[in-house]
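Keep in mind that this is a model prediction, so the values were computed, not measured. Numbers for residues simply follow the sequence, beginning at 1. Note that ligands are numbered from 1 as they come in the structure, with each ligand's atoms numbered from 1 the same way.
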Amino acid sequence: MNPLLTIQLPIPFDEVKAGHVEPAMHALLAQAQAAIDSICAAEGERTWANTMQAMDDATQSLDYAMGVVRHLEAVATYPELRAAHNAVEPKVSEFYSRIPLNAELWSALRAFAATDAAKALTGTRLRALTKTLDYFRRHGAELDAAGKQRLAEIDVELAQLTTRFSEHVLDSTNAYEEIFTDPNQLAGLPPSAIDAARASAKAKSKEGWRFTLQAPSYLALMTYLDDAAVRERFYRAYQTRAASGGYDNHHIVPKVLALRQEKARVLSFADFADMALVDRMARSGARAMQFLEDLLRRTEAHFAAENEQLLAFRRKLEGQSAPPLQPWDAGYYAEKERKALYDFDEEELRPYFPLEQVIGGMFQTVTLLYGVTVQEVIAIPSWHADVKYYEIREEGRLLGSFYADWYPRESKRGGAWMDAFLTGEPAVAAWHHIGVICGNLTPPLEDKPAMLTHREVETIFHEFGHLLHHCLSQVEVRGLSGTNVAWDFVELPSQIMENWCWQRESLDLIARHWQTRETIPDALFEKMRRARNYRSANGQMRQLSLGIVDLMLHRQYTPARDGDPVAYSRRILEQFSPAPLPPEHAMVLAFTHLFGSPVGYGAGYYSYKWAEVLDADAFSLFQENGVFDRETGLRFRRYVLERGDSEEPELLYREFRGRDPQLSALLARQGLLERLG
Ligand SMILES: [Zn+2]
């Protein structure tokens with residue numbers, strides 16, 4: 001019996017093997033296609049049950065099985081599994097992209113929309129119908145045969161070009177290395193960076209210390225290395241990745257921009273930004289741009305002041321004749337200034353964050369806020385011995401359950417994420433959501449527990465926030481449940497959780513010294529709080545400048561008028577850079593957020609800041625009422641965590657907060673509200 005063919009609880013992760021993948025997916029694709037064909041062929045009156053519900057049901061087993069396969073490929077892969085995954089993945093994607101182009105299905109949907117029953121719909125079902133019709137239109141349902149054909153061609157070409165873009169970035173990043181053989185070349189670097197460089201050289205069977213353009217290596221050099229000439233060389237190499245030779249993205253970027261623009265026009269949108277944002281909170285490119293420019297105006301003066309202060313700091317160290325800062329100097333002098341100002345080392349916090357304490361304290365936090373309890377359940381099958389399984393209950397009632405998988409392994413991909421396996425539905429007796437949270441945190445050492453950095457603690461809270469959004473959902477339509485919300489809203493439940501990692505009250509639950517059981521001493525807590533906002537205007541300016549370049553490229557940029565998109569982007573970025581950019585600077589050629597997939601963060605980079613404004617403003621209500629205030633917690637649960645996309649996100653937000661979001665809470669949290677002195 002193939003364990004992927006039917007939905008079973010607990011999910012038999014331990015039984016799924018690579019050999020099951022292709023036969024199961026072929027059978028499930030055929031089954032889903034047959035279900036769609038029978039929706040089209042249904043006779044008699046169109047109803048919710050035989051049209052909308054039937055469409056949702058048609059793909060449920062396929063969604064579930066592909067979710068399990070994708071997950072195993074991400075956390076416990078091996079060559080046969082990867083090959084099987086890669087063989088079925090394009091077929092599954094193609095199946096989903098054909099759905100809105102199915103003319104008979106589109107007629108069935110329109111026929112249902114025209115019935116009295118559909119016209120009488122309200123609430124979640126009305127929204128589901130409206131959004132489904134919009135989705136079909138936006139994916140070409142109303143185009144003539146030639147239009148559908150062109151749309152399909154554009155999508156194929158975009159998929160190929162953006163895949164090649166990513167490969168070029170990866171390959172050109174990997175192509176650069178420098179081996180240091182003289183220990184004097186390492187001056188300034190901390191032991192952790194030196195050890196990592198030594199290990200990297202060894203892995204390549206080389207003597208000495210190996211440095212690359214991979215983030216940990218590159219950032220360590222830019223932050224700590226005393227030799228400015230080497231920093232400059234690495235900076236120039238980094239900013240010209242995928243800009244020449246066999247990995248050149250120069251010809252890809254203009255093509256991707258043109259194809260996106262053409263696709264938007266085929267679907268009757270003014271530009272790609274308007275097409276991508278129509279169903280997000282921002283709604284249009286113009287509104288997203290206005291949002292960024294508003295924040296920009298409030299950041300500029302602080303940004304200038306921070307940069308002047310840093311130059312003054314350098315001149316205090318090196319004399320008044322020290323030159324202005326170059327792009328490869330800013331990070332280096334900033335680290336020195338930060339040390340001088342706050343005398344704070346992140347490593348001091350680690351002993352206070354043993355993993356089990358953090359997890360237990362986080363569960364206590366959500367019990368206080370939302371009235372739910374989280375309990376581990378043992379002996380549930382999984383994909384690795386380190387994985388734990390938990391249930392979330394309220395007064396005994398099971399709301400959801402989840403797996404947690406926190407440590408790195410060679411068979412697991414990097415980063416941290418949350419995923420959903422099953423979405424409970426009220427019509428099904430055992431209404432029960434199932435999800436997973438994963439990370440690559442510092443693992444335990446022989447006789448010591450895993451001790452985390454503060455940033456890792458924030459990561460756990462972040463992913464658990466996404467998980468609560470999934471597991472506390474009370475939405476009757478699967479497609480509108482949990483985290484299936486607008487892209488610029490989805491990070492609110494996750495990012496808001498990070499705030500509890502900065503409050504004394506909650507830190508006392510999550511932080512205990514692994515040996516003495518003491519909470520974080522006041523002096524250390526103060527240092528950590530003060531260091532938090534060091535050069536926050538520079539951090540914000542960087543995110544704003546990337547968001548602005550993204551929107552300019554997808555809204556304003558016109559090849560005939562603006563010429564090379566690389567130079568065009570450089571001119572924009574330079575206005576917001578703390579130092580002049582060198583003429584060969586070609587960062588946009590390695591900007592995978594924008595060009596690494598057909599849509600990705602294209603025209604959506606602003607979402608990072610947008611979500612930050614929401615989370616800071618939402619958390620400010622907890623600050624007003626008490627960080628553990630149950631009533632505020634229940635409001636957040638009722639209007640955000642339980643509601644998925646069952647209502648417009650701005651309405652949900654307004655219900656929770658009692659008004660629209662304001663920028664001031666974010667600016668206050670970043671220390672950018674105070675008058676400049
Ligand atoms: Zn997230």
Side-chain angles (χ1 to χ4, degrees), residues 67 70-71 74-75 215 276-277 279-282 288 358-359 362 365-366 369-370 392 400 402-406 408 412-421 423 433-441 452-473 481-502 510 539-540 543 546-547 550 592-594 596-597 599-619 636-637 640-645 649 652-653 656 661 666 669:
R70 238 181 238 134
H71 173 71
V75 295
L277 304 191
D279 68 341
R280 301 196 193 163
M281 279 185 92
V358 171
I359 300 272
M362 178 172 76
T365 301
V366 301
L369 288 170
Y370 307 132
I392 304 177
F402 63 97
Y403 302 82
D405 180 357
W406 291 127
K412 183 174 172 184
R413 75 171 162 93
W417 69 95
M418 172 266 165
D419 210 347
F421 294 127
T423 299
H433 305 289
I434 303 183
V436 62
I437 42 182
C438 294
N440 280 275
L441 308 176
L452 309 179
T453 64
H454 186 251
R455 183 61 215 140
E456 289 177 323
V457 174
E458 286 185 307
T459 299
I460 294 181
F461 273 65
H462 180 104
E463 300 309 332
F464 192 55
H466 283 308
L467 187 96
L468 288 172
H469 200 191
H470 175 62
C471 283
L472 299 186
S473 181
S481 184
T483 57
N484 293 312
V485 298
W487 202 329
D488 45 12
F489 189 64
V490 73
E491 297 297 331
L492 167 61
S494 51
Q495 285 181 188
I496 194 172
M497 289 294 290
E498 297 177 27
N499 290 284
W500 278 276
C501 302
W502 291 93
I510 61 182
Q540 175 136 297
Q543 290 296 90
L546 297 177
D550 171 27
T592 44
H593 280 82
L594 303 200
S597 63
V599 178
Y601 271 88
Y605 200 87
Y606 77 92
S607 310
Y608 286 111
K609 274 293 147 194
W610 186 280
E612 260 187 76
V613 166
L614 291 181
D615 100 68
D617 187 62
F619 187 69
F636 191 72
R637 182 177 163 191
V640 178
L641 296 176
E642 290 183 355
R643 298 293 294 279
D645 192 35
L652 294 177
Y653 190 85
F656 162 68
L666 175 62
R669 189 169 74 188

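- Taking 2.8 Å as the threshold, E463 does not count as a candidate ligand of the Zn ion (ligand 1), since none of its N, O or S atoms lies below it.
- Among heteroatoms of the N, O or S kind in H462, NE2 lies nearest the Zn ion (ligand 1).
- Taking 4.5 Å as the limit, some side-chain heavy atom of D405 sits within range of a side-chain heavy atom of K412.
- The atom of H466 nearest to the Zn ion (ligand 1) is NE2, with the search restricted to N, O or S atoms.
- Under the 3.5 Å distance criterion, the side-chain polar atoms of D615 are left unmatched by any main-chain donor or acceptor of L492.
- Nearest N, O or S atom of E491 to the Zn ion (ligand 1): atom OE1.
- The closest donor-acceptor contact from the side chain of N484 to the backbone of G644 lies at 3.5 Å or more, if one exists at all.
- For the residue pair Y606 / D488, a side-chain donor-acceptor distance below 3.5 Å is found, with atom types taken as modelled.
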